[in-house]
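All remarks here apply to the structure that follows.
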Amino acid sequence: MLHILALTVRNSVRNPLRTTLTVTGIAIGVIAFSFLQTVLAAYYFGLDASSPKRLVARHRVSLFNLLPLAQAAKMREVPGVTQVSYGIWFGGYYRDPTQFFGQIAVDPQYLDLYPEFVLPPDQKQAYLAEQQACIVGRKLANRFDWKVGDKITITGQIFPGDWDFIIRGIYHGNQPNTDETSMFFHWKRLDEWLLAREQGSQVGWYLLGVDDPSQNSRITAAVDDLFFNSTAPTLTETEKEFNASFVSMFGSVLTTIKIASGIVIVIILLIMANTMMMAARERITEYGVLKTLGFRGFHLATLIGGEALVVTFLGAVLGCAASYGIVAMFGKAIEMNLGQMFPVFELKPSTVALSVGMALAAGLVACLAPIARSVRLPIAQALRRVE
Amino acid sequence: MLAIPLAYNFRNLMARKVSTTLTVLGLALAVAIFLVVLMLVNGLHYAMAQSGSMDNAVILRKGATSETLSGVARESADVVEVAPEIAIGADGQPMVAAEAVVGVSLPRRNDPTGKGTANVTVRGIVPMSLALRESLKIVEGRAPESGKPEILAGVSAAKGFKGCEVGGTIQMGGITWNVVGLFEANGSAFESELWGDRELVGNSFGRNGFSSMTLRMKDPRLDVASLQARFDDDPRVNVHVQTESEYFSSSSEGLRILISMLGGVLIALFSMGAVMGAMVTMFAFVGARTREIGTLRALGFSRRSIAMCFMIESLMLALAGGIVAAIPALMVQRLTFSTTNWTTFTDVTWHFRASPMIILSGLIFSLVMGWIGGMIPATRAALLPITTSLREA
């Protein structure tokens, strides 16, 4: 058995040029696959990061519609709701409109519902004490080189004009998938702006805290029932469902990425099948000799399958190593061109594992045909062949 | 120089059917990805270019990047409407339409989870809105009557969202809206929209003012600048003027960049993979035909002819790959692609769009891959010494 293993490894490097090309080809396939999976994960990021202890109530028609603040008091009375906070999407930009990042105006308790956001207590105090203050995520601060105490001007689109803020805090996440790319400031400021234009106090959505997620479906129904026949009917969902509705907005992008991932697997299969076919064809005579010596079909299968595994494994390892660099580079490039499109763009360990597993599986499938052919070939015919 | 006949190359490829097929398929996949990405970007570009007329100007609030984020007060609209740059229509009225543009969350028709939604642009229109968009054609039903909760749906919106077909209904602002007609607009982004009476749309979203204004200019070459200058001098309005085509291409800029970047990475990776595949095959051809090569050299064919011979084979593979790839690519043309444009925060649908240029660049791309993949093996074949190659078993 040991001899078979040794022969497998020797066979893999017998044609160093072909092995190198095949390994490179597989590595490229693995890079493409893990890259696509990372993009997909970046789109699905919100689902991972959501908590079952947070519910979101928004206007039933769409997020474009605001809700009256008066609803908050009624929501507080729903049993099981521990906290009612609210926010509004500000929709502005810093200097360059193509550099996307989220600015959200929130009530003072809003961030209490996000235990994964870590903000030093003194910074939190300073933020709460000042109307013009804002806090920003660590990645966002790094992006624009912002420090605590900096004065920044955000151009409003929904709320027109230039808005000045003072950065009083920089938060970071205590989870790898926490969004560190947003800016939060006081809802009161927008409220004053709206009141000055004779519009009542309004919010974009309510964020409800709950203690017992098993009650979620009862609570969401109870909240929606409250306002069903009002001028501002709500749609209340768990944070996960809310984020899932964002994912479904991306529509064909996601389908396309999934199809492309499938095509990558097919390409890896093709490359491997081609290589293994050639290797097996060249060695037909050898296989005849091995059979004459008493080795069975099982041994041949091990020999060929083993070689496929060695080659794909090398390719997968190389590909994963390169993926880290490529994903980081692409993440940077996206940030340069489009801002914080993807709050988290990183190669996850689970993606790496999936890519390696997928490559090995493809390698094994690819050698099925050559194995069948060499096992079935009669000895006499194998030995007769000259090529 | 004596060239080796093409028939020889062709027969060689035919003699090794499996390797030839696998290599052609590998190259074809890379070319297909290349084509599909180009068609996707081209389709988006086309949809946006079709939406915007060079003769029309779009007026948004200063600082706003999309109609859905913009707001124009009624008083400002009154000021804009009397600007002398606005063309006068056949009925003697200035050709200008103030519109309310919002989004409504509707369930997608073909969603894998069955409950996916996206925001559809709802454009609150006035009769002039239809006249301003010359490409617009009602293909089924009729236009909405003013003051009634009726919807004229773009064909893409009707295809993509539940309730948007003629006879369907949409719940919006406590009112049930009836879809009474479908329109086409030359494949433009308007086809992803729902159009309804402006005042009713505005009311159901609690809006008093408008989102944007579209107007026909008398002299498109000069009027954008003169309108902007006029409004900059007027303290009653705070707006930005741009041509309609400028507006649509800038509002889809981010989407275009994202798709190009993702597509670019994919094209690069897939083409490298395919080149590797082609190289593996070509090296195997060279290896298997060592003695043949020696024989050809002994017969008097030069090193150059040998190199050329293998290059031609590689290019033949590439050409086949390029042609094979065009078939799925052209089939994809029937499909539509829809996603949320985060600049407007609403859904936009467009077609994959091929052009002769794109198909041609796919072929060239394939040949370049074949050329790169064949170069090293061909050189190696040419450099084989006659004696050793003839001695080879």
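Residue numbers start from 1 in every chain, and the chains themselves are labelled A, B, ... in the order their sequence lines are given, proteins ahead of strands.
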Task: Heavy-atom proximity to chain B below 4.5 Å, by part of A:Arg197 - done: neither

Task: Proximity breakdown for A:Leu338 and chain B, heavy-atom pairs closer than 4.5 Å - done: side chain

Task: Nearest-0.5 Å distance, CE of residue A:Met278 to OG1 of residue B:Thr281 - done: 4.0 Å

TODO: Could you tell me which portion of B:Leu262 (side chain, backbone, both or neither) has an atom closer than 4.5 angstrom to a non-hydrogen atom of chain A?
DONE: both

- [ ] Please confirm whether the backbone N or O of B:Thr117 pairs with a side-chain atom of A:Ser245, one donor and one acceptor, at under 3.5 Å?
- [x] no

- [ ] Select one option (side chain, backbone, both, neither) describing which atoms of B:Arg289 are under 4.5 Å from chain A's heavy atoms.
- [x] neither

Open item on the list: So does A:Gln157 get a backbone contact from the side chain of B:Arg61, meaning a donor-acceptor N/O pair under 3.5 Å?
Closed with: yes

Open item on the list: According to ring pair (Phe, Tyr, Trp, His ring centres under 6.0 Å), who are the partners of A:Phe101, at least two apart in sequence or on a separate chain?
Closed with: A:Phe144

Open item on the list: If I take atom OG1 from residue A:Thr155 and atom NZ from residue B:Lys62, how far apart are they, to the nearest 0.5 angstrom?
Closed with: 12.5 Å

- [ ] Could you go through the side chain to side chain contact (heavy atoms under 4.5 Å, CB included) check for A:Ile28 and B:Met276 one step at a time?
- [x] CA-CA 9 Å; A:Ile28 291 168; B:Met276 293 296 150; 4.1 Å; yes

Task: B:Arg108 side-chain N/O to A:Ser248 backbone N/O, donor-acceptor pair under 3.5 Å - done: yes

Task: Side chain, backbone, both or neither of A:Phe342 within contact of chain B (heavy atoms, under 4.5 Å) - done: side chain

Open item on the list: So which residue, B:Val36, B:Val120, B:Ile257, B:Ile33, ends up with the most heavy-atom pairs under 4.5 Å with chain A?
Closed with: B:Ile257

Task: Contact class of B:Phe205 relative to chain A, heavy atoms under 4.5 angstrom - done: both

Task: Interatomic distance, A:Leu17 atom CG to B:Ile376 atom CD1 [nearest 0.5 angstrom] - done: 8.0 Å

- [ ] Any chance you could measure A:Ile267, atom CD1, to B:Leu29, atom CG, to the nearest 0.5 Å?
- [x] 4.5 Å

Task: Pairs of heavy atoms under 4.5 Å with chain A: top-ranked of B:Met261, B:Gln171, B:Glu253, B:Met279 - done: B:Met261

Open item on the list: I need the A:Asn274 CG to B:Thr23 OG1 distance, nearest 0.5 Å.
Closed with: 4.5 Å

Task: Part of B:Leu258 lying under 4.5 Å from any heavy atom of chain A - done: both

Distance-only check: which donor-acceptor pairs under 3.5 Å involve side-chain atoms of residues 264-274 of chain B, not counting sequence neighbours?
{"residue": "B:Ser271", "atom": "OG", "partner": "B:Ile267", "partner atom": "O", "Å": "2.8"}
{"residue": "B:Ser271", "atom": "OG", "partner": "B:Ala268", "partner atom": "O", "Å": "3.0"}

Under 3.5 Å, which donor-acceptor pairs link side chains of residues 253-263 of chain A to any protein atom two or more places apart or in another chain?
{"residue": "A:Thr256", "atom": "OG1", "partner": "A:Ser252", "partner atom": "O", "Å": "2.6"}
{"residue": "A:Lys258", "atom": "NZ", "partner": "A:Tyr44", "partner atom": "OH", "Å": "3.2"}
{"residue": "A:Ser261", "atom": "OG", "partner": "A:Gln37", "partner atom": "NE2", "Å": "3.3"}
{"residue": "A:Ser261", "atom": "OG", "partner": "A:Ile257", "partner atom": "O", "Å": "3.1"}

Open item on the list: Heavy-atom pairs under 4.5 Å with chain B - which of A:Thr231, A:Thr275, A:Thr20, A:Val264 has more of them than the others?
Closed with: A:Val264

- [ ] Return the option, out of B:Gly103, B:Gly116, B:Ala118, B:Gly277, with the maximum number of heavy-atom pairs under 4.5 Å with chain A.
- [x] B:Gly103

TODO: Please determine, among A:Ala333, A:Gly251, A:Pro160, the option with the most heavy-atom pairs under 4.5 Å with chain B.
DONE: A:Pro160

- [ ] Tell me the residues of residues 336-349 of chain B whose non-hydrogen atoms fall below 4.5 Å from those of chain A, in number order.
- [x] B:Thr336, B:Phe337, B:Ser338, B:Thr339, B:Thr340, B:Trp342, B:Thr344, B:Phe345, B:Thr346, B:Asp347

Open item on the list: Does any backbone or side-chain atom of B:Val18 lie under 4.5 Å from a heavy atom of chain A? Answer side chain, backbone, both or neither.
Closed with: side chain

- [ ] Pick one of side chain, backbone, both or neither for A:Ile271, based on which atoms fall under 4.5 Å of a heavy atom in chain B.
- [x] side chain

Task: Whether over 12 other heavy atoms sit under 6.0 Å from B:Arg74 CZ - done: yes

- [ ] Give the minimum heavy-atom separation between B:Ser105 and A:Ser62, together with the two atoms involved.
- [x] N-CB, 3.5 Å

Open item on the list: If I take atom OG from residue B:Ser204 and atom CG from residue A:Asn65, how far apart are they, to the nearest 0.5 angstrom?
Closed with: 7.5 Å

Task: A:Leu36 versus chain B, the contacting section by heavy-atom distance below 4.5 Å - done: side chain

